[in-house]
Amino acid sequence: MSLTLAATLEALLFLSPEPLDADALAAAAEVEIDEVRAALDTLVTRYEQEDRGLVLRELAGGWTLSSHPEAEEAARNLFARPRTPALTPAQAETLAIIAYLQPVSRPEIARIRGVNAESAAATLLERGLVEESGRSQFGAVLYRTTDLFLRLFGLRSLEELPPISAFDPSPELEEELRERLLRAGEARVAG
Amino acid sequence: MSLTLAATLEALLFLSPEPLDADALAAAAEVEIDEVRAALDTLVTRYEQEDRGLVLRELAGGWTLSSHPEAEEAARNLFARPRTPALTPAQAETLAIIAYLQPVSRPEIARIRGVNAESAAATLLERGLVEESGRSQFGAVLYRTTDLFLRLFGLRSLEELPPISAFDPSPELEEELRERLLRAGEARVAG
Amino acid sequence: MSPATLKRPLRLVDLELDLEVFNGPFDLLLTLILREEVDLLEVDLADVVISYIDHLEARGELDLEAATEFLVLITSLLELKSRLMLPGEEIEEIELDPGEAATELLARLLDAHRYRTAAEHLSGLLREQSGHRFRSAPLPVSLRRASLPEASAVYDPGRLAQAIGQLLVLPPEVDVRHIPVPKVTVAERLSVLRSLLRRGAFNFDEAVRDADRVTVAVTLFSLLELYKQGELTWSQEQPFGTIEVRPATGPRAESAAA
């Protein structure tokens, strides 16, 4: 074939609905993986420097093309509703619990949230952000996040999520809450 | 937005699975149609002269991007491999229910599993392992397995499906199997 | 993420309760439960929930933050209470030690708070990414599935039988052995009534002296059964009055006795 490797890779990335890793690209183009890596570098540089409407990024464990964010306004005019509508707070909470604790069952999610997670989990499943991952010892369906989740949230892998401890309430807040739990009542009794 | 019109049009053409005519592009980019025509000319020239894996063409319905014909061999390597990834637990459960009870409706599958089977069923359909087989008296789509299913499981006919006696010593009539699966599914949901 | 989201206060719901065992604000109740000054087993949590719903209706607005804290606390209390009610190996572990219970409630609240903040972080990521759209055009069908002529056996049929077997398993029944189930059968009560009948007339109270409610019900059922079979007749002068029972006379009684 007379196409350069970079052009061939561009064609494959255009066709693929999923991110493609360097191994898969090398096997498809029948070249060494180092050549693929060099060609991907070339492509990334070109997309950044030339007058293009596409962006090439490494997401969800592979390489994928997307439209340039600055074309979003025109895209919204053309395609009406956004591909990725915002999450409701219940959906976002359920997704966060699944993302950090996966695989995790629906009863566990409900336990943390204090409320049922059924409808939020159903929506996340339907949107392909989470998927089933077997059953717990008690027969409850377990959930985990999908590659689509990583892709839509701009993550290369789950490791890119901040550790859950990053969301710890401040020590002062924790102390304040402890005080309230044990002593707020006493103050009222005294007062 | 700071993208050039040509880049914006490239993004729109990339996103659209269908051809787009100049009117639609002009409306989306909120510019005059003459500007769109000029930008399309620029894009065509660039696609022809630069090192690209994509082709921009005007078809009957409008403008469309496609992969370069010379990348076809690599695309075949990538996509035409047998598409038989391992079945997820949800897919295996759904496929087993269809295999043993066929024809079976989606609501019945959901009742037996205790959770929705939509996404698993869609994947099985997409992979050609199951197909639709008319509708139930209540109007629900019925599923059955395909010849490709038999081939991929190394079965000459459905008679060769492994007996379930290994899991259940009493020989079961088909109706009883269905009843018992539904009962167990409902007990799991209730529990 | 902004520091503001981390500093956001956690609020306990400001709720006045008027319950059988307790009168006062919700957080005081919580404190008293944790200090074991109020027995959780005696608190009707449904009433707490109802009070909370009334409280919401009265205010006409929903403070989501406070509502979430309330839900986390009330579900934790429910779980603690149900564990206290159910005997089992777990019982020793959860003597409701005030310190431990408070630690558990606190851990729940902090966890809920943590995941809510994580959720805001994720929503932020999604918003940042919303300008990046991906192409979703289907591949030609021929590229999407294995072709029939070239397909070979790659899956194990045993997997299907195993999946069906798993789905056939009924979940373990909830253990209710600790709930005393009075065992009284119709046959037993029939023989009690028949032995009284052999002595002549009697009143129903004699047949059920010191018996529990289930026994009374089964005895009454047995009485009606014997009446239906023609072995006895009965009369009651007024509602809740004494039920007089007599052996039946007549051909049906003869045949029943035969």
Side-chain angles (χ1 to χ4, degrees), chain A residues 14-17 55 57 64-72 75 79 82-84 86-87 89 91-97 99-100 110-115 135 138-139 151-155 161-162 164-170 172-174 176-178 180-186 188-189, chain C residues 1 5-10 12 24-25 27-32 34-35 64 68-76 79 98-99 102-103 105-106 108-123 125-139 143 166 169 171:
Chain A
F14 172 83
L15 285 173
S16 176
V55 181
R57 288 179 303 165
T64 193
L65 282 172
S66 66
S67 62
H68 197 291
E70 285 169 17
E72 175 61 15
F79 301 108
R83 284 269 162 73
T84 55
L87 297 171
Q91 290 159 6
E93 247 176 74
T94 305
L95 183 60
I97 294 167
Y100 279 99
R111 208 183 120 137
I112 292 171
R113 293 192 54 220
V115 282
R135 288 181 185 266
F138 306 110
R151 186 144 59 103
L152 293 180
F153 285 73
L155 300 167
L161 283 176
I164 190 66
S165 58
F167 305 111
D168 279 347
S170 67
E172 299 82 41
L173 184 57
E174 189 176 327
E176 183 195 319
L177 188 73
R178 194 191 303 278
R180 280 209 74 176
L181 271 178
L182 275 174
R183 300 217 180 80
E186 286 175 28
R188 289 197 197 247
V189 171
Chain C
M1 104 219 42
T5 61
L6 290 183
K7 288 214 183 99
R8 190 189 44 201
L10 289 160
L12 291 185
D27 58 356
L28 173 56
L29 171 65
L30 209 51
T31 306
L32 295 178
L34 295 180
R35 298 175 57 83
L64 274 178
T68 315
E69 308 301 358
F70 177 78
L71 287 170
V72 170
L73 285 169
I74 199 79
T75 45
S76 308
E79 198 183 309
T103 305
L105 285 194
L106 180 69
R108 291 283 190 90
L109 285 174
L110 293 178
D111 233 20
H113 183 268
R114 214 169 265 136
Y115 286 106
R116 254 196 326 281
T117 316
E120 283 165 23
H121 175 70
L122 286 182
S123 295
L125 285 183
L126 187 62
R127 264 194 308 279
E128 278 168 31
Q129 293 295 320
S130 67
H132 289 282
R133 292 185 187 228
F134 301 96
R135 182 179 153 86
S136 62
L139 284 174
L143 290 180
Q166 262 175 10
V169 174

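Chain A is the first sequence line, chain B the second, and so forth, proteins listed ahead of strands; every chain is numbered from 1. No experiment lies behind these values; they were computed from the predicted model shown.
Taking 4.5 Å as the limit, some side-chain heavy atom of A:P69 sits within range of a side-chain heavy atom of A:V55. Counting heavy atoms from C-beta outward, A:L65 and C:F134 have side chains that stay 4.5 Å or more apart. At a threshold of 4.5 Å between non-hydrogen side-chain atoms, the residues A:S66 and C:R133 do not count as touching. In this structure, the side chains of A:L95 and C:L122 come closer than 4.5 Å at one or more pairs of heavy atoms.
Interface remark: C:R114 contributes backbone and side-chain atoms alike to the contact with chain A (heavy atom separation under 4.5 Å). For A:F138, no part lies under 4.5 angstrom from a heavy atom of chain C. For A:T64, the part sitting under 4.5 Å from any heavy atom of chain C is the side chain, from C-beta outward, and nothing else.
Ranked by heavy-atom pairs under 4.5 Å with chain C, the first of A:Q91, A:R57, A:E93 is A:R57. Of the listed residues A:L161, A:L87, A:I97, the one with more heavy-atom pairs under 4.5 angstrom with chain C than any other is A:I97. Counting heavy-atom pairs under 4.5 Å between each of A:R113, A:H68, A:R151 and chain C puts A:R151 at the top.
Aromatic ring pairs are classed by plane angle as parallel below 30°, tilted from 30° to 60° and perpendicular above 60°; the pair A:F167 and A:Y100 is perpendicular.
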